[in-house]
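Here is the naming used below: chain letters follow the sequence lines, and residue numbers restart at 1 for every chain. Keep in mind that the numbers below use all heavy atoms, side chains included, and drop hydrogens, waters and symmetry copies.
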There are 2 protein chains.
Amino acid sequence: MNQTIENYLKGIYTLSKQSPSGVATTALAEKMETKASSVTDMLKKLDEKGLVRHAPYKGAVLTQKGKKIAIEVVRKHRLWEVFLVEKLRFGWDEVHTIAEQLEHIDSAELIVRLDEFLGFPRYDPHGDPIPDVNGHISDNRKAFSLSEAAVGTKVIIAGVKESSDNFLRYLESVALTLNTTMKIADRFAFDNSVRLKVKNREIIVSSTVAENLLVKKGK
Amino acid sequence: MNQTIENYLKGIYTLSKQSPSGVATTALAEKMETKASSVTDMLKKLDEKGLVRHAPYKGAVLTQKGKKIAIEVVRKHRLWEVFLVEKLRFGWDEVHTIAEQLEHIDSAELIVRLDEFLGFPRYDPHGDPIPDVNGHISDNRKAFSLSEAAVGTKVIIAGVKESSDNFLRYLESVALTLNTTMKIADRFAFDNSVRLKVKNREIIVSSTVAENLLVKKGK
DNA sequence: ATCATAATTTAGACGTGTCTAAATTATATT
DNA sequence: AATATAATTTAGACACGTCTAAATTATGAT
Ligand SMILES: [Mn+2]
Ligand SMILES: [Mn+2]
Ligand SMILES: [Mn+2]
Ligand SMILES: [Mn+2]
């Protein structure tokens with residue numbers, strides 16, 4: 001299994017959450033930073049290999065075999081991200097491109113040992129759940145978007161919807177990092193921005209930020 | 001810089017210790033597990049890129065630029081080997097193929113932090129010196145072959161000349177691992193096999209083993 | 001239902017790294 | 001010095017992953 005194929009499978013897997021009936025060629029092309037015609041070529045190959053079912057003009061769906069590989073890649077990606085942040089002290093905005101490479105290292109035993117070395121983490125540095133060795137994903141966070149949190153409640157940052165480096169760096173700079181507890185002080189009707197109380201300080205975040213920040217109920 | 005090129009440069013670098021005037025196409029082909037014609041093709045490309053000087057029929061020599069890259073790859077390979085053995089508890093015979101992949105991860109900052117995380121190791125699990133960040137290799141082991149050690153002297157295992165998995169597994173199975181202290185009890189003239197005293201036990205190793213085991217003076 | 005537009009696929013090409021078979025050059029033997 | 005043999009390069013091909021331009025199919029607005 002090579003890198004290109006693994007990256008395509010992961011891309012299809014990610015996009016299929018939004019469009020379970022079939023991932024569009026154009027959407028996948030954008031995700032993979034390539035051209036639609038290249039995607040079509042690759043989908044044909046993946047179909048021949050039994051990793052994807054590709055109905056021309058109808059989009060692509062992972063087979064069980066393809067999904068299994070995709071989830072394994074996600075597991076490896078997230079475990080390496082934990083390693084980079086917890087052991088090598090990288091920031092959560094710095095680990096994506098490195099993990100993007102490390103996820104393709106081909107050694108099952110390596111991942112078994114890495115998992116153990118890290119203490120069997122359940123979530124990655126962005127709050128995303130780490131699939132177990134059988135590919136099962138259990139997300140116990142009960143997370144919802146900050147834009148849906150009721151005014152007056154306390155919440156804890158549980159993850160991000162969007163994990164672009166820009167967004168992560170913004171959050172880092174205003175000290176809104178994973179597991180931060182905060183109180184929803186206000187939501188302003190005119191632009192849906194949200195005022196938060198974090199420890200001793202207050203901060204107002206835009207509706208876009210609120211939309212993309214995942215929280216869970218706090219005490 | 002891609003994997004194939006890095007592997008070729010490393011291969012040329014390793015072989016050039018035996019033949020500094022130029023690495024032969026055939027030798028490189030065997031090392032790279034490919035055909036001589038493929039090697040010729042690649043040497044032409046590397047020459048064009050300024051990484052190698054290739055005089056047709058005369059062999060290949062690394063340029064400064066090529067040597068720099070080769071040594072960086074060696075540095076990364078050996079640091080990852082230390083990680084695998086020291087942190088993930090792999091055996092020294094299990095790490096080569098994994099490090100062969102990890103050495104190509106492209107991130108200078110990653111290696112800086114890995115080096116620090118490992119406590120700036122000077123030698124890898126096979127006793128080979130780890131080049132520093134500037135590509136300088138300092139080998140303070142003063143190691144020599146066990147086959148040259150005088151009878152009656154005490155020596156410490158400092159490394160291996162040949163690091164095939166088979167040889168490493170043999171050494172592991174007879175508990176002749178890095179930093180083991182032993183006394184040269186005898187060398188038998190008829191086949192140059194060597195009797196060693198290690199702690200409370202005795203073991204006889206063949207001349208081939210003695211030839212490929214590096215030792216330094218012990219107390 | 002027709003037509004314009006957008007999405008997708010196909011056709012033909014290219015760079016990379018590899019191969020086999022044939023040609024060329026170096027080397028060793030006589 | 002001529003010749004046999006080994007080493008090396010060249011010629012031509014192929015799989016992979018990509019591209020541009022052209023053709024095809026789907027969609028939705030009228
Ligand atoms: Mn990747
Ligand atoms: Mn992540
Ligand atoms: Mn390698
Ligand atoms: Mn080593």
The side chain of [X] lies closest to which of these nucleotides: [options]?
| X | options | value |
| --- | --- | --- |
| A/Tyr57 | D/dA26, D/dT18, D/dT10 | D/dA26 |
| B/Ser38 | D/dC19, D/dG17, C/dT18 | C/dT18 |
| A/His54 | C/dC19, C/dT9, D/dT9 | C/dT9 |

Given A/Glu103, which of A/Lys10, A/Arg75, A/Arg78, A/Gln3 fulfils the side chain to side chain donor-acceptor pair (under 3.5 Å) condition? A/Lys10

Under 3.5 Å donor-acceptor pair, A/Ser37 side-chain atoms to D/dT20 base atoms: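 Pair found.
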
Atom [atom1] of [X] and atom [atom2] of [N]: how far apart are they, to the nearest Å?
| X | N | atom1 | atom2 | answer |
| --- | --- | --- | --- | --- |
| B/Lys45 | C/dG17 | NZ | P | 5 Å |
| A/Leu46 | C/dT9 | CG | P | 13 Å |
| B/Glu33 | C/dC19 | CD | P | 11 Å |
| A/Leu28 | C/dA7 | CG | P | 15 Å |
| B/Lys35 | C/dA21 | NZ | C1' | 12 Å |
| B/Gln3 | D/dC16 | CD | P | 18 Å |
| B/Leu43 | D/dT10 | CG | P | 11 Å |
| A/Met32 | D/dG17 | CE | C1' | 12 Å |

Distance check: side-chain N/O of B/Thr26 vs OP1/OP2 of D/dA6, anything under 4.0 Å?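 No, no such contact exists.
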
OP1 or OP2 of D/dG17 sitting under 4.0 Å from any side-chain N/O of A/Asn2?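 Yes, within the criterion.
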
Under 6.0 Å between ring centres, would you say that holds for B/Phe90 and B/Phe83? no

Can you tell which of B/Val95, B/Ile111, B/Leu118 makes a side chain to side chain contact (heavy atoms under 4.5 Å, CB included) with B/Trp80?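 Among B/Val95, B/Ile111, B/Leu118, the one meeting side chain to side chain contact (heavy atoms under 4.5 Å, CB included) with B/Trp80 is B/Ile111.
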
Please classify the nucleic acid contact of [X] as base, sugar-phosphate, or nothing, using heavy-atom distances under 4.0 Å.
| X | answer |
| --- | --- |
| B/Thr40 | base |
| B/Thr25 | sugar-phosphate |
| A/Lys44 | sugar-phosphate |

